[in-house]
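Structure first, then comments.
Values below: every heavy atom of this structure, side chains too, minus hydrogens, waters and symmetry copies. Worth saying up front: this structure is predicted, and the values here are computed from it rather than measured.
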Amino acid sequence: MAGLSLKHIYKVYTGRKTTKKHPIKFVVNKIRKKEEQKPAVEKRSGDFVAVKDFNMEIEDGEFIVFVGPSGCGKSTTIRMIAGLEDISGGELLIDGVLVNDVAPKDRDIAMVFQSYALYPHMTAQQNIEFALKLRRIPVEKKDKDGNPVLAIDKKKIKEIKEKIKTVEYDLEDTEDEENIKLLTERKVKLEQDLKYYSETPVQAYSYRRMSKEEISAKVQWAAKILGIEELLDNKPAEMSGGQRQRIALGRAMVRGPKVFLLDEPLSNLDAKLRASMRQEIVKLHNELKTTFIYVTHDQVEAMTMGTRIVVMKLGVVQQIDTPTNLYDYPDNKFVAGFIGTPQMNFTDVTIKKAGKKLEITFANGQTVAYSLDSLRTIDGAYLDGQPHEVTLGIRGEHITAGAEKVEGGIETTLSVKEVLGGTTQLFVKLTEDGPDYIVSVPARTNFESGDRIYISFKEQNIHLFDKQTEMSIMSRETGNKN
């Protein structure tokens, strides 16, 4: 078990030049035995920042979920933690130890991928124990008097030299100032490490393989927790998707890692099985009490599994918080729209303070006044008595609908009705050519398309966002100074 610290983590994919130095065409020509060719015309793809300034402290035993749309950087981040991607800048610490340049196999991390990656010709037991059979356990070398044996770590020196070459190559190939700064800092740190390991003897190790008894005990332990004891003699082709995923989890468990990394492990399962496996993974976390980091694009998985959720967009962290806080107090419009099903409704409005009330004017010209004491605290810059254009957000379950006009009600027109059994979703329009807004009511209704419906909002659940920055202009406390 371990805590993690991510400090100013960057991942930059450097653009490449297609010249003889970076020999895309040159290699092809060489293969064809055409030695004398003109160098390729220099081209360049821009540097791509996949993750930008990621900062987070993960406590030992937490269940952290990275969520966001495709291409937001969540899988890249988890791969940097695993060591499958180099870190362009920043520091990654596991249990307080810097691991930027530690090989993946030495980080004591287990990873479960979207694909089960099981060997089809092996039984479940053979798949689970395969890594254990290959694993070599380090044993500290000691002299005849029991004192530690120290030596220069030549293997570590070789690894660092290879990393320095890679950084130098990227430095030659980038023109982005921010990337140059990150790579230069990384090179300086690697050179310091190289000097240290070249001059300083460190603990020497010998390695042994695990015994059959040790391996068998670990496999049986994992099988009992996952409920797959009867599947150990079966091959993957004889199992369902959920059973295969349990085998993949068991293969990770037996390593006894400090951290579990799960990269969209349920994406290949059907909806019913995904719901079942979500519960199984949560139970597994509660049983093992190990740090879990889970990647998904499904906000339902994020809300139901994580103790904290990291919402990402275009490589930038938008908000890190508990599921309920993300739902109730989103920091910006993106988080508000991404978290929650159905999506939060958004509409451009004009707000103006009038005495002890806030007047909100909608696109169809209707104005509703709300008591400032009932609303969450609004940034004072928007309460100067002048009109301000903002975006109003409200979730469908925080809207009431009726056929009769009431105080604070807004007139709309029903376009579509969806009956979902215990609840009904009404899609209403403020203006004839405007977008639909979703109203979720907890019962069936007699409304039909084209009916006039009056909707009203629960004041404490209204969200207001700056129209330009899309950041929330409301705090988490209720009440405004008048």
So which heavy atom on [X] is nearest to which on [Y], and how close?
X	Y	answer
Leu273	Gly242	CD2-N, 3.3 Å
Ala124	Met239	CB-CE, 3.5 Å
Arg244	Ala237	NH2-CA, 4.0 Å
Ile399	Ile455	CG2-CB, 3.7 Å
Pro330	Ser472	O-CB, 3.7 Å
Asp53	His8	OD1-ND1, 2.7 Å

Between [X] and [Y] (side chain of the first, backbone of the second, donor and acceptor by atom type, cut-off under 3.5 Å), is there such a pair?
X	Y	value
Glu185	Leu182	no
Thr412	Ile453	yes
Gln203	Lys141	yes
Arg186	Ser88	no
Lys429	Gly434	yes
Asn332	Glu470	no
Thr296	Glu264	no
Thr123	Asn234	no
Thr174	Asp170	no
Arg251	Glu129	no

Heavy atoms, side chains only, cut-off 4.5 Å: are [X] and [Y] in contact?
X	Y	answer
Tyr116	Ile247	no
Tyr10	Glu178	yes
Val12	Leu183	no
Lys158	Lys161	no
Thr424	Leu426	yes
His297	Ser267	yes
Ile309	Met303	yes
Tyr294	Pro265	yes

Hey, could you give me the [atom1]/[atom2] distance between [X] and [Y], rounded to the nearest 0.5 Å?
X	Y	atom1	atom2	result
Phe260	Thr290	CZ	OG1	6.0 Å
Asp451	Thr445	CG	OG1	8.5 Å
Ile164	Leu190	CD1	CG	5.5 Å
Arg79	Leu261	CZ	CG	11.0 Å
Met210	Ser216	CE	OG	10.5 Å
Leu93	Ile58	CG	CD1	12.0 Å

Handout entry: Charged N-O contact under 4.0 Å between Glu301 and Arg278
Key = no
Exercise for the section: Inspect the contact between Lys189 and Asp101 and indicate whether a charged nitrogen and a carboxylate oxygen are less than 4.0 angstrom apart. Expected result: no
Exercise for the section: Carefully, step by step, assess Asp86 and Lys163 under the rule salt bridge (Lys or Arg N to Asp or Glu O under 4.0 Å). Expected result: CA-CA 9 Å; Asp86 286 334; Lys163 289 181 180 293; 3.8 Å; yes
Practice task
Is it possible for you to check whether Lys11 lies under 6.0 Å from the centre of the six-membered ring of Tyr13, through NZ or CZ, and within 45° of that ring's axis?
Solution key: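 Output yes; distance and angle both within limits.
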Problem - Cation-pi check, Lys333 onto Phe465 ring (under 6.0 Å, within 45° of axis) - result: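 No, cation not above the ring by the 6.0 Å, 45° rule.
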Practice task
Begin with the C-alpha distance, continue with both residues' side-chain angles, and end with the deciding distance and a verdict on side chain to side chain contact (heavy atoms under 4.5 Å, CB included) for His285 and Met305.
Solution key: CA-CA 10 Å; His285 174 255; Met305 299 175 74; over 6 Å; no
Exercise for the section: Would you sort out whether Asp263 and Ser75 count as a side chain to side chain contact (heavy atoms under 4.5 Å, CB included), showing the intermediate values? Expected result: CA-CA 7 Å; Asp263 191 0; Ser75 289; 3.1 Å; yes
Exercise for the section: Evaluate side chain to side chain contact (heavy atoms under 4.5 Å, CB included) for Arg107 paired with Lys258, printing each intermediate quantity in order. Expected result: CA-CA 8 Å; Arg107 295 192 183 192; Lys258 292 180 179 178; over 6 Å; no
With no hydrogens and no angle check, just 3.5 Å: does a side-chain donor-acceptor pair link [X] and [Y]?
X	Y	value
Tyr329	Gln319	no
Glu62	Thr291	no
His463	Arg395	no

Fill in the blank from the handout: Residues pairing under salt bridge (Lys or Arg N to Asp or Glu O under 4.0 Å) where one sits in residues 312-327, two or more places apart or in two chains, turn out to be Asp321-Arg476
Practice task
Could you list all the salt bridge (Lys or Arg N to Asp or Glu O under 4.0 Å) pairs where at least one residue sits in residues 214-225, not counting sequence neighbours?
Solution key: Arg208-Glu214
Problem - Neighbour count above 12 (heavy atom, 6.0 Å) for Asn446 CG - result: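 No, not enclosed.
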Handout entry: From CA spacing to verdict: side chain to side chain contact (heavy atoms under 4.5 Å, CB included), Leu266, Ile281
Key = CA-CA 10 Å; Leu266 308 184; Ile281 291 175; 4.0 Å; yes
